[in-house]
Structures are given as C-alpha cells and as structure tokens.
Q: 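The structure is given below, and queries will be raised subsequently.
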Amino acid sequence: MKKKYSPAFQLTVKYALLQSLFWIIFAIIGSFANVYLLDRGFYNTEIGIILSAGAVLSIVFQSMIAALVDKYQKVQLKYVILVLLFLLLLSIANLGFHRNDKLITGGSYILIFTILDSMVSFLNSFAMEYINLGIDLNYGLARGMGSISFAFIAYIIGLVIAKLSSSIILPASMLAVVIMLGITLSFRLPYTYTEARQNETAVHGAGKEGQSFFTFFIQYRRFFLLLIGFSLLYIGHSFINTYHINIIQNVGGNSSNMGLSISIAAIVELPAMASFAFLSSKVKCSTLIKIGAAFFTIKALLTFAAPSIGFIYFSMVFQMGSFALFTPASIYYVNKIMDQSNRVKGQAILGAATLGIGGTLGNFIGGKILDAFPVSVMLAVGLILSIIGFVITLIFTDRNV
C-alpha cells in the first residue's frame, strides 16, 4: 500500500527543492563570478565594483518590490519570484550572446547579482506565507538543504571548470533557473489564503497599506536599531567568508584546506537548521537570535586566535550556532514583530541589512584592510565589530518575541 505523506511534508519537500535550486544557481553563477569575469578580461578591481554595485542595487530593488507587495495584498510572492527568475534567465542568456562585450557583460552581471541578492528575502517571505496560515512547513530543514546543495555544487562545478573551462557556467546556471521556474509554478496556495490575508489586514493592518518609509521607521524604530547590530555581525562574518583563502594561507594552508573548511561549515549548518522548528517551539526567537549573535562573536574570536589549520576547522564548527541558527531565527523574529501589511517589507529590510549592507561593507572594508595590513588586523577588526553587534543585539531584541 502506497504511503501518503502529509500536505505539510510535501510542501516542505517542494520548498527544499526551491531553496536547493536557488543556492545551486547562486553557487554556479555567483560564486564563480570571479572565474568567469577574469576569463573575459576583467580586472579584480572591476569585478569588485560589479559585485558591490549588484549588492547596493539589491537593497533599493528589493525594498521597492516589497513595498508594492505589502501595499497590494492580492499580489502573491510566487509571481514575484517567477518574474525575477525570468529576468535572471534573460540576464544569463545575455552573457552568452555578448561574450566579448565588457560593458554588456558587466551590466548583465550587476543585474544578476541584484536579482540573486534580492531573491533571498522573497524566498523567505514565501515560506512565511504558508507558515502564517498554520501550515507546518519546515523552513529550517529546507534552508539547510540549500546550504548542502550550495557546497556540493560549488565543489562539482569547481572540478568541471578545472577540467573544461568557465564556459560551463552559463548553460549549467540556465538549466537550474529553468528547473526552478517549473518548481515555483507548481506551488499552490490554499483557498483560504486570500480570505486569511483580508481578515488579518482588517484586524491588524487596516490603514497601513502604502505606509511611507518614515512612518514604517517610526513604528519599528527598535527594529532598525537592532539591524545595526545585525549588519555589524555580518561584516565580521563576511570577512571570514570572502577572504577565507587569505585566512587559510595565513596559517600555512592552501586551497584544498579551504575547500574542506567550507565543507565543514556547510555540513554543520544542516542539523542546526533542520532542528530549528523544534528549537523555536521550546525557546523564544529573541533568545535564539541572541545565542546566534554570541556564536558569531565566538567564531570571530576563534578565527582571530587560530594558530593552525586544525583550529580553523574547529572554528568553522561554530557555524552551527552562528549563521545556521541566526538565519532562521531572525526571519521568524521579523515575521512575528511585523503586522501583516509590513511582513514582506520587513524581510526585505532584514536582507538588505545583513546580506546587503553587512555583506557589501564586509567585502569592501576587508579588502581595504588586506591591501594595507596583515590578515590578523582584518580579523581583529572583525572581532571588535562582532562584539559591538552582539551588544546591540542584546539591547534591542524584543525579549517577548
């Protein structure tokens, strides 16, 4: 007799596929951007400008789209994601049509990173749509599968590029986008969705559609102060991620050690994220966020003090309590403190503060420090910023959530 799985389980599997495909795309077209652009004649400085421009534009782009989604309640995030995927497909195809045009290639990559960085918050909000309807979608497990997929595909694509060339990046990423489009189309919100949103708007969000940014800021001013702490934590986190090869080489390692180190971080993410649904039923999100912030700081301290490769490996285990715990906790936290008419906007601003501002400043500041000082100075700065971010997080996190 064929076993029938629950709707929540089936939805979690589909959403896990969605997260996996997204991070596969990010691994292929995003993580190997340096490789592709260097092969097309770009200099490192030019590549840095392209990546930074994409991150900065994503802050504005996702905030604008989120404001529209919150304003027009009938707009489903499924269609927002579909439009972004279609634009992403066109941008990647445009790279293939203009391989030798640096201006078009650079512009296309800026658009690619704008879309990729923006999609993170919309994928998170997409999961929250179902969770807010009382459907037990396991976001943590799905996001953890995304991390594992990212690590696995990054390793495989790296081997393929080494044997063939960077030309594999375009067809591989386009195939993943097409599959993700198909998976996204298969999602169906329950018939109660429209009624639920209308009822919640009537009770909690009446009169808040089209809310100005200034009004939103005043209403959630503690949240914006909290985001300063989040951004500082992510600057330190970006130092370690972006310049990991420099950190590895500083203690006598090589690219092989770097691959193993990153794999350790990816592997330990899955159990932490997969168990988040259980953890959040026992512990408040505010407490989990504080624990995650503490682990970011501990990881920064261990990385700064690491005397050997083995110690670096040990520090990466703390990814389990830092990024892996902090990511779902912060997303659930925002979903809880925002009224229904501001939830998508809240997730977008969270993404802008962490991956956008934190990631961009981390890449830029870290690079500037490394140009003038040893790796230890960058790690010391990262540790100081992490400590400040941790203190701000302790002060401004709502303890009742």
Side-chain angles (χ1 to χ4, degrees), residues 11 14-33 36-37 50-51 53-99 101 103-130 142-143 146 149-150 153 157 167-189 193 344-345 347-348 351-352 355-356:
L11 185 63
K14 281 209 301 185
Y15 185 71
L17 286 172
L18 205 63
Q19 282 282 354
S20 296
L21 284 163
F22 173 75
W23 289 108
I24 284 171
I25 295 165
F26 208 112
I28 299 171
I29 197 72
S31 295
F32 290 93
Y36 183 86
L37 293 173
I50 288 170
L51 302 187
V56 171
L57 285 175
S58 74
I59 297 171
V60 179
F61 185 65
Q62 65 185 305
S63 297
M64 290 174 59
I65 296 177
L68 289 173
V69 173
D70 280 332
K71 181 177 180 180
Y72 300 103
Q73 296 291 303
K74 291 184 179 180
V75 177
Q76 291 185 22
L77 281 165
K78 167 184 171 178
Y79 299 114
V80 173
I81 293 170
L82 285 171
V83 170
L84 292 177
L85 285 171
F86 183 69
L87 291 174
L88 181 62
L89 188 63
L90 290 179
S91 300
I92 298 172
N94 202 37
L95 288 174
F97 291 132
H98 302 90
R99 291 177 181 272
D101 191 317
L103 184 62
I104 294 178
T105 298
S108 296
Y109 243 108
I110 289 173
L111 183 56
I112 286 168
F113 271 97
T114 300
I115 295 169
L116 287 175
D117 289 345
S118 298
M119 279 190 68
V120 175
S121 60
F122 294 121
L123 284 172
N124 293 337
S125 294
F126 191 45
M128 293 302 112
E129 280 190 326
Y130 290 93
R143 181 59 183 82
S149 299
F150 178 93
I153 292 298
I157 290 294
S167 60
I168 191 65
I169 289 174
L170 300 188
S173 56
M174 288 179 71
L175 175 62
V177 173
V178 170
I179 296 172
M180 189 173 174
L181 275 166
I183 296 295
T184 306
L185 281 168
S186 72
F187 277 84
R188 296 287 185 273
L189 282 168
Y193 171 74
V344 178
K345 195 186 291 101
Q347 296 292 348
L355 297 175

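Counting from 1, the numbers follow the sequence of the chain as shown.
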Q: Once you round to the nearest 0.5 Å, how far does CZ of Phe122 lie from CD1 of Ile115?
A: 11.5 Å
Q: In chain order, what residues pass the side chain to side chain contact (heavy atoms under 4.5 Å, CB included) check against Thr114, with sequence neighbours excluded?
A: Leu57, Ser58, Phe61, Ile110, Ser118
Q: Who passes side chain to side chain contact (heavy atoms under 4.5 Å, CB included) against Ile25, sequence neighbours left out?
A: Ile29, Leu88, Leu116, Ala176, Val177, Met180
Q: Judged by modelled atom types alone, do Ser125 and Gln347 share a side-chain donor-acceptor pair under 3.5 Å?
A: no
Q: How are the rings of Phe26 and Phe150 set relative to one another: parallel (under 30°), tilted (30 to 60°) or perpendicular (over 60°)?
A: tilted
Q: Just jot down the ring pair (Phe, Tyr, Trp, His ring centres under 6.0 Å) partners of Tyr15, sequence neighbours excluded, or say none.
A: none
Q: Can you list every pair that meets side chain to side chain donor-acceptor pair (under 3.5 Å) and has a residue in residues 167-176, with sequence neighbours left out?
A: Ser165-Ser167
Q: So how far is it from Thr105 OG1 to Tyr36 OH, rounded to the nearest 0.5 Å?
A: 5.5 Å
Q: Which pairs, with at least one residue in residues 81-97 and sequence neighbours excluded, count as a side chain to side chain donor-acceptor pair (under 3.5 Å)?
A: Asn94-His98, Asn94-Ser108
Q: Would you please name every residue forming a side chain to side chain contact (heavy atoms under 4.5 Å, CB included) with Leu82, sequence neighbours left out?
A: Lys78, Tyr79, Leu181, Thr184, Leu185
Q: To the nearest 0.5 Å, what is the distance between CD1 on Ile169 and CD1 on Ile28?
A: 8.5 Å
Q: Rounded to the nearest 0.5 Å, how far does CZ of Arg143 lie from CG of Asn124?
A: 7.5 Å
Q: Hey, does Ile65 have a side-chain heavy atom less than 4.5 Å from the side chain of Leu84?
A: yes
Q: Ile112 vs Leu95, test: side-chain contact (heavy atoms from CB on, under 4.5 Å). Steps then yes/no.
A: CA-CA 10 Å; Ile112 286 168; Leu95 288 174; 3.6 Å; yes
Q: Nearest 0.5 Å, please: how far is CG in Leu77 from CE in Met128?
A: 11.5 Å
Q: Run the side chain to side chain contact (heavy atoms under 4.5 Å, CB included) test against Leu355 and tell me which residues pass, sequence neighbours left out.
A: Val120, Tyr234
Q: For Asp117, what residues pass the side-chain hydrogen bond (donor to acceptor under 3.5 Å, both in side chains) criterion, not counting sequence neighbours?
A: none
